[in-house]
J.: 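After the structure tokens below, expect a handful of questions from me.
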There are 2 protein chains.
Amino acid sequence: MLNRSNLRMTRQRMVILEELRKVNTHPSADEVYEMVRRRLPRISLGTVYRNLETLSASGDIRKLDSSGSLKRFDGRAEHHYHIRCTHCHRLADISFDPGVDLTSRVRDFTDFSVSGHNLEFAGLCPDCGRASENVSAAEAYTQG
Amino acid sequence: MLNRSNLRMTRQRMVILEELRKVNTHPSADEVYEMVRRRLPRISLGTVYRNLETLSASGDIRKLDSSGSLKRFDGRAEHHYHIRCTHCHRLADISFDPGVDLTSRVRDFTDFSVSGHNLEFAGLCPDCGRASENVSAAEAYTQG
DNA sequence: TTTGCTGCAAATCCTTTGCAGAGGT
DNA sequence: ACCTCTGCAAAGGATTTGCAGCAAA
């Protein structure tokens, strides 16, 4: 970790990394701030933003390119897919094997020099699905 | 079009729709504003935002859930995939057939009730690829 | 005539940045 | 000691919203 040699392992940076690795909830910068604040009450939001940037640049965490306006962060650095609840907007990990190599398959369809892809699924999470059994289906799919 | 019955087809709304359908460049709200302003110089940016929202809610256009901080809009309402240039950030249409039904395949891997997916490719566009032949490969991949 | 829509401007939300001092190495 | 990092606060960019008048239907 921290493969850029001029990086320092400060207390703030370490706590951010530890907290992010404790959860699988893909928190936003503000949510990371709240988590970290319980251990470092004087940390600033700016520091959280700067470290999330630094840590994703060094490959220790992932900044998720997912739908929605907030950027979310993932303590797992390895590539994996996500699914977002259309109702509560929660983002969950999913170990999905598409069965085909999408990146190499797409090369026949474009004149771009393709380097990767980003695939995110959408659906109702179990909790929201259960809740919606009591209301009409149309209502259940309304974005909150 | 305009299937919500209480919607009015105002001059502003019509011009926004027409301009968006003329291009395949997936403009941001601000870019739509510039395009529309040539025909309606007194239109406001707020009106553009409101109408882009309205038109995507009614299904006439698409609000793209793509990577990057700006929301982009597509005059084609039918589903299709996109590829983004990692250098100039241009978003291009791509008619890609994954060969498998990703949405139904993923159902074996999750307890969500899956309704759809969003797949975006990344790579160097032909223009940026040509330009990068003159510089080092590392430099070419640097995000601008 | 009704009421959804507009232009304007201010507000909001998320994120980035300048600065002077603190703290890793 | 050096120089990156920090907290603070202000700035920034994108988007949303309140309001009073305008204009589709």
Side-chain angles (χ1 to χ4, degrees), chain A residues 1-19 26-58 60-61 63-73 89 91 143-144, chain B residues 1-20 26-58 60-73 89 91 143-144:
Chain A
M1 87 165 102
L2 297 187
N3 35 35
R4 252 172 55 204
S5 54
N6 53 342
L7 288 189
R8 293 179 181 168
M9 180 45 81
T10 60
R11 181 137 181 68
Q12 290 85 338
R13 186 165 293 158
M14 171 159 356
V15 172
I16 288 171
L17 189 54
E18 284 174 2
E19 291 299 312
H26 314 88
S28 64
D30 204 70
E31 288 164 347
V32 172
Y33 176 54
E34 288 305 328
M35 291 155 59
V36 168
R37 217 137 70 112
R38 296 198 285 266
R39 290 174 57 189
L40 300 175
R42 298 192 47 75
I43 197 172
S44 75
L45 183 55
T47 295
V48 171
Y49 270 103
R50 274 183 293 228
N51 276 309
L52 289 171
E53 202 53 53
T54 304
L55 289 168
S56 45
S58 65
D60 295 297
I61 66 171
K63 183 197 238 176
L64 300 179
D65 241 357
S66 59
S67 62
S69 46
L70 276 68
K71 287 269 170 294
R72 299 194 162 272
F73 297 85
H89 303 117
L91 196 65
Q143 299 268 342
Chain B
M1 88 165 103
L2 295 188
N3 34 36
R4 250 171 57 203
S5 54
N6 52 342
L7 288 188
R8 291 177 184 172
M9 181 43 84
T10 61
R11 181 138 182 68
Q12 290 86 340
R13 186 165 293 158
M14 173 163 347
V15 172
I16 287 170
L17 189 54
E18 285 174 3
E19 291 299 313
L20 205 45
H26 314 88
S28 63
D30 203 70
E31 287 163 347
V32 172
Y33 175 55
E34 288 304 328
M35 291 155 59
V36 168
R37 214 136 71 111
R38 296 198 285 265
R39 291 172 59 189
L40 301 175
R42 297 192 46 76
I43 197 172
S44 75
L45 183 55
T47 295
V48 171
Y49 271 102
R50 275 183 291 228
N51 276 309
L52 289 171
E53 201 52 52
T54 304
L55 288 167
S56 45
S58 66
D60 296 296
I61 66 172
R62 257 173 184 274
K63 183 196 234 175
L64 300 179
D65 241 356
S66 57
S67 61
S69 46
L70 276 67
K71 287 268 170 291
R72 298 193 163 271
F73 297 86
H89 302 116
L91 196 64
Q143 298 267 345

J.: Spell out yes or no: do the side chain of A/Arg8 and the base of D/dT4 have one donor N/O and one acceptor N/O closer than 3.5 Å?
T.: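 Flag set: donor-acceptor pair detected.
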
J.: Verify side chain to side chain contact (heavy atoms under 4.5 Å, CB included) between B/Ile16 and B/Leu40, making sure each step is shown before the conclusion.
T.: CA-CA 10 Å; B/Ile16 287 170; B/Leu40 301 175; over 6 Å; no

J.: Is a donor-acceptor contact shorter than 3.5 angstrom present between the side chain of A/Arg13 and the base of D/dC5?
T.: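 A donor-acceptor contact between them is absent.
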
J.: With the threshold set at under 4.0 Å for non-hydrogen atoms, list the residues of residues 32-41 of chain A touching DNA chain C in residue-number order.
T.: none

J.: Are any of A/Thr10's side-chain N or O atoms less than 4.0 Å away from OP1 or OP2 of D/dT6?
T.: yes

J.: Between A/Ala29 and A/Arg50, just flag the one whose closest nucleotide in DNA chain C comes earlier from the 5' side.
T.: A/Ala29

J.: Taking N and O atoms by type only, does the side chain of A/Arg42 place a donor or acceptor under 3.5 Å from a partner on the base of D/dG7?
T.: no

J.: Using side-chain hydrogen bond (donor to acceptor under 3.5 Å, both in side chains) as the criterion, list what pairs up with B/Arg11, not counting sequence neighbours.
T.: none

J.: Would you say the side-chain atoms of A/Ser58 and A/Asp60 include a donor-acceptor pair closer than 3.5 Å?
T.: yes

J.: I need the CG-C1' distance between B/Asp30 and D/dG12, as an integer number of Å.
T.: 14 Å

J.: Are OP1 or OP2 of C/dT15 and a side-chain N or O of A/Tyr49 less than 4.0 angstrom apart?
T.: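 Affirmative; the distance criterion is met.
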
J.: Between A/Glu34 and A/Arg37, is the closest basic N to carboxylate O distance under 4.0 Å?
T.: yes

J.: Just how far, in rounded Å, is C1' of C/dG4 from CE of B/Met9?
T.: 14 Å

J.: Heavy-atom nearest nucleotide on DNA chain D for B/Arg11 versus B/Ser28: which residue maps closer to 5'?
T.: B/Ser28

J.: Please enumerate all residues that pass side-chain hydrogen bond (donor to acceptor under 3.5 Å, both in side chains) together with B/Ser56, with sequence neighbours excluded.
T.: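 B/Ser56 satisfies side-chain hydrogen bond (donor to acceptor under 3.5 Å, both in side chains) with no residue once adjacent residues are dropped.
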
